[in-house]
Amino acid sequence: MSESPIEHEDEQDLPEQIAIRLEKRERLNALGDAYPVSLPITHTIAQVRAAYPELEIDVATGDEVAVVGRVMFQRNTGKLCFATLQAGSGERIQAMLSLDKVGEEQLELYKELVDLGDHLFVAGEVITSKRGELSILVTDWKMAAKTIRPLPNLHNELGEEFRVRHRYLDLIVRDRAREVVKIRAQVMASMRKTFADAAYLEVETPMLQTIHGGASARPFKTHSNAFDTELFLRIAPELFLKRAVVGGIDRVFEINRNFRNEGADRTHSPEFAMLEAYEAFGDYNVMAELTQRLIQNAAMDVFGTHQVVLEDGTVNDLGGEWARISMFESLSAAAGVEITPETPIAELKKLADKEGLEIDHPQHGKYVEELWEHFVKGDLINPTFVMDFPVDTSPLVRNHRSKAGVVEKWDLYIRGYEQATGYSELVDPVIQRERFVEQMKLAAAGDPEAMKLDEDFLKALEFGMPPTGGMGMGVDRLLMSLTGLGIRETIMFPLVK
RNA sequence: GGGCCUCUAGCUCAGUUGGUUAGAGCAACGGACUUUUAAUCCGUGGGUCGAGGGUUCGAUCCCCUCGGGGCCUACCA
């Protein structure tokens, strides 16, 4: 990337349009202020529009208003100039500057000093033009903030890379970009309300951790100068939220960033927003109900329906009671052979080989999950809880209360994506230690994602954790499910090199 | 990690089978215009063709290296 041209000392090197705008900025400062600290604004553009929903053509209301907006279009003629002003929230209104209202000097200055993209303050009467456009017939104008760089062309779609690298411009220029930011905020607010209604407390747990745990993933590493020690950006908040439950915070949730040092694609980002929730004396069934409620409430609060329309026009039906299927039963049905926790690993391997699956760190449960993804996952369009996972790939989940060889864990799939996961949490400190030891053997065998043993967490469990249900949900992925956008569109400022 | 593609003006894109001075629309500059709304009309300027190296009389184009981006694939509870 080239350095910013505005940093060049020699003005000759500046792109023409920037040099010209810098001169205009100087002139504005000489005449007054190109960036005034305050302006006598009386209305937002939205308020003006709302106050006059249906005016006839060529009407003068007699009402005076003063607004600011960014200049999005300009149509300058000899004695009458038009500009379209846009509020940050996207509403637009037309400003009209006529010779007989502002005088020759102010009209000339306006034409010379105001460019597309500038923040412009205008005061005047609310009218409609001869074409019926709601307008402000300007008596006073003032530069609210001079722009130095030209806005991108509004008549072509911006390239994807340009949009991500200049999200601030994307937000100015593209309604949908603003909408997505708003939807995200509303979804967050809705989920917090659902939690509040269920007497959950929101907490924040460490991002910097001395031992990363709670998930299987490669971490980002950093270093603390003060403690002279290696630290990890968290891959999950799970082990700290469970400590909170041990401490008696019986209903607790956190919405915050996780960091995973792994691949980035349409559904994965190195940093992503994660929701985790724990409920003492709940189990994975309770958490499934909570998860369904969170998502359905969000859809209803934001879109007013459980049938949300996605970017490509298809409808994502989130309504009704969501299906629950068993992992082993659905796999057996799809594969055409009975597969249970007792199925010999050699048989699973034979089936995987036949299907052309390569499995990295072969354990029984790994085979089952890979085969399940191969045979079943793609067909799960409507929201579906996949229940009861293999034990050896789920070290933090308690054994099923009645089925041998599986744990009380579900994954929620929506439109073929893993959306959330829920557990009846493992709270027995002795079994938890055994599970960690198993993970350490895997790590020793070279699995870089295997979990580390967290002695302090085990100590907390040894002080007694109540039976607890837990759930985790990728917030960015929820936004994807609600909008049909890629993850880099649901995150306002995704990581770019 | 592997494969394929891509990078040209502020933005969106053409183009050059290697040849004088690299084009368009919008944006900008000068001029005309009191009802435009992608205003219109006349005129003008604007480029290290991602960076570096090579081949060549001559490279934006061909080759190599590097960098950015995309798609597929692998990996990612």
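Below, read A as the first sequence line, B as the second, and so on, with proteins coming before strands; counting in each chain starts at 1. Quantities reported herein were computed from a predicted structural model and do not represent experimental measurements.
The phosphate of rC29(B) has neither OP1 nor OP2 within less than 4.0 Å of any side-chain N or O from Lys111(A). Regarding contacts with the backbone of rC11(B), every side-chain N or O of Arg149(A) stays at 4.0 angstrom or more from both OP1 and OP2. The side chain of Lys366(A) places an N or O atom within less than 4.0 Å of a non-bridging phosphate oxygen (OP1 or OP2) of rC76(B). For the OP1/OP2 pair of rU35(B) and a distance below 4.0 Å, the side-chain nitrogens and oxygens of Lys130(A) include no atom meeting the criterion. Here Arg477(A) does not reach the OP1 or OP2 of rA77(B): none of its side-chain N or O atoms lies under 4.0 Å away.
Counting non-hydrogen atoms under 4.0 angstrom, Phe162(A) reaches the backbone sugars and phosphates but no base. Residue contacts shown for Glu133(A) include a base, since a base heavy atom lies under 4.0 Å away. Using a 4.0 Å heavy-atom cutoff across all strands shown, Gly474(A) reaches no nucleic acid atom at all. Counting non-hydrogen atoms under 4.0 angstrom, Leu158(A) reaches the backbone sugars and phosphates but no base. Using a 4.0 Å heavy-atom distance criterion, Glu157(A) is classed as a sugar-phosphate-only contact. Counting non-hydrogen atoms under 4.0 angstrom, Gln94(A) reaches a base of the nucleic acid. Asn76(A) comes within contact range of at least one nucleobase, with a heavy-atom separation under 4.0 Å. Within 4.0 Å of Arg488(A), counting heavy atoms only, lie sugar-phosphate atoms of the nucleic acid but no base atom. Phe272(A) comes within 4.0 angstrom of nothing in the nucleic acid, heavy atoms only. Contacts of Leu99(A) with the nucleic acid, taken as non-hydrogen atoms under 4.0 Å apart, include base atoms. When heavy atoms are screened at a 4.0 angstrom cut-off, Thr84(A) is found touching no nucleic acid atom at all.
rA9(B) sits 14 Å from rG23(B) when the P atoms are compared, rounded to a whole Å. For the C1' atoms, the distance from rG54(B) to rU73(B) is 33 Å, rounded to whole Å. The same atom, C1', is picked in rA27(B) and in rA39(B); the two are 15 Å apart, to the nearest Å.
Residue Glu238(A) places its side chain closer to rA77(B) than to any other of rA77(B), rA28(B), rC11(B). When the nucleotides rA77(B), rC26(B), rA27(B) are ranked by their closest atom to the side chain of Gln17(A), rA27(B) comes out on top.
For the residue pair Ser135(A) / Glu133(A), no side-chain donor-acceptor distance below 3.5 Å is found, with atom types taken as modelled. Looking only at atom types and distance, the side chain of Tyr413(A) has no donor-acceptor partner in the side chain of Asp379(A) under 3.5 Å away.
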